[in-house]
Amino acid sequence: MTKFLLAVHVLAAIVAIGPVTVAASMFPPAARRALTAPEDPRAVETVRLLLRICRVYAVVGVAVPVFGFATAKNMGVLGDTWLIVSIVLTALAAVVLVALVLPRQTAIAEALEERQVAESTVGGGGDAATTTTAVTTATAAAPTLTPRATVRLAMFTGQFNLLWAAVTVLMIVRPGSTTGA
């Protein structure tokens, strides 16, 4: 049973955490491209897709610690230092993702969409009131929609990825483990 749980735990980590780390890393440059190419609708579509990938796989990623705890219990290592450190780092990675990465991605994606709608309204020859509203909406989104915001997001994404890298190393090396690594 332990081998089965371990296999599911590792597969869940690969299938769930891998896409989040890749999509989250791709998001800031994609958002910068969408910022510099407002006429390109595919740029905003890419940002939306990356956000959707991050959201979906973040939820699926809950399976990783669930199967991890089950595996650790069967192996009798729940009290081992390497595992406790891994649990803390995993929790920290989850907090970074949920509190710092996903909200910023959402804000940037929404601002890009608002700008796209505003520009299509302005470019569509609407009346003066519509044009003024569209420009005001695009301007209101501006604080979220800056290259600096994407750089800050990239920093938080890097922290998330480094935390997962540290957990991965701890899971492989298992310092002080007596279960044979």
Side-chain angles (χ1 to χ4, degrees), residues 10-66 86 88-169:
V10 170
L11 286 172
I14 292 168
V15 170
I17 305 305
V20 173
T21 58
V22 172
S25 296
M26 291 173 66
F27 189 97
R32 282 191 288 277
R33 266 192 306 283
L35 270 170
T36 59
E39 69 286 346
D40 182 9
R42 292 194 59 120
V44 176
E45 289 172 15
T46 301
V47 167
R48 273 186 266 171
L49 174 64
L50 292 170
L51 175 60
R52 188 171 37 248
I53 290 169
C54 289
R55 284 179 176 166
V56 168
Y57 283 98
V59 172
V60 174
V62 171
V64 176
V66 168
S86 293
V88 169
L89 293 176
T90 298
L92 192 55
V95 167
V96 169
L97 180 65
V98 171
L100 300 173
V101 174
L102 290 175
R104 283 174 170 77
Q105 285 181 339
T106 301
I108 289 170
E110 287 173 354
L112 283 168
E113 289 171 4
E114 288 174 13
R115 185 183 76 176
Q116 189 176 41
V117 168
E119 288 174 357
S120 68
T121 304
V122 171
D127 62 9
T130 305
T131 301
T132 303
T133 303
V135 171
T136 304
T137 302
T139 306
T144 307
L145 197 54
T146 64
R148 185 179 179 137
T150 64
V151 169
R152 187 169 288 126
L153 173 60
M155 176 188 68
F156 292 129
T157 301
Q159 291 171 351
F160 170 75
N161 292 341
L162 284 173
L163 287 166
W164 273 114
V167 169
T168 303
V169 169

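Here, residue 1 is the first one in the sequence, and each next residue gets the next number.
Applying the 6.0 Å contact sphere to CZ of Phe156 captures more than 12 heavy atoms from other residues, nucleotides or ligands.
The CG atom of Leu112 sits 11.0 Å away from atom CG of Leu51, with the distance rounded to the nearest 0.5 Å. Atom OG1 of Thr168 sits about 10.5 Å away from atom CG of Leu163, to the nearest 0.5 Å.
With sequence neighbours excluded, the residues that form a side-chain contact (heavy atoms from CB on, under 4.5 Å) with Leu49 are Arg52, Ile53. Partners of Arg152 according to the side chain to side chain donor-acceptor pair (under 3.5 Å) rule, which considers only residues two or more places apart in sequence or in another chain, do not exist here. In this structure Glu45 satisfies the salt bridge (Lys or Arg N to Asp or Glu O under 4.0 Å) test with no other residue, sequence neighbours excluded. Applying the salt bridge (Lys or Arg N to Asp or Glu O under 4.0 Å) rule to Arg48 yields the partners Glu113; only residues at least two apart in sequence or on another chain are considered. Gln159 is linked by a side chain to side chain donor-acceptor pair (under 3.5 Å) to nothing, counting only residues two or more places apart in sequence or in another chain.
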If you look only at distance, which donor and acceptor atoms sit under 3.5 Å apart when one is on a side chain in residues 91-99 and the other is two or more places apart or in another chain?
none

What pairs of donor and acceptor atoms, side-chain ones from residues 11-37 against any protein atom, are under 3.5 angstrom apart with sequence neighbours left out?
{"unit_1": "Thr21", "atom_1": "OG1", "unit_2": "Ile17", "atom_2": "O", "d": "3.3"}
{"unit_1": "Thr21", "atom_1": "OG1", "unit_2": "Gly18", "atom_2": "O", "d": "2.8"}
{"unit_1": "Ser25", "atom_1": "OG", "unit_2": "Thr21", "atom_2": "O", "d": "2.8"}
{"unit_1": "Ser25", "atom_1": "OG", "unit_2": "Asn161", "atom_2": "ND2", "d": "2.7"}
{"unit_1": "Arg32", "atom_1": "NH1", "unit_2": "Thr150", "atom_2": "OG1", "d": "3.0"}
{"unit_1": "Thr36", "atom_1": "OG1", "unit_2": "Arg32", "atom_2": "O", "d": "3.3"}
{"unit_1": "Thr36", "atom_1": "OG1", "unit_2": "Arg33", "atom_2": "O", "d": "3.1"}

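Under the side-chain hydrogen bond (donor to acceptor under 3.5 Å, both in side chains) criterion, no residue pair touches residues 89-99, with sequence neighbours excluded. Pairs of residues two or more places apart, or lying in two chains, that qualify as side-chain hydrogen bond (donor to acceptor under 3.5 Å, both in side chains) and include a residue from residues 92-108 are Arg55-Thr106.
Side-chain contact between Glu114 and Val117: absent, with no pair of heavy atoms (C-beta onward) separated by less than 4.5 Å.
Contact record, Leu100 with Leu153: O-CD1, 4.5 Å, taken as the closest heavy-atom pair.
The side-chain contact (heavy atoms from CB on, under 4.5 Å) test with Leu89 singles out one residue from Val169, Val167, Leu162, and that residue is Val167.
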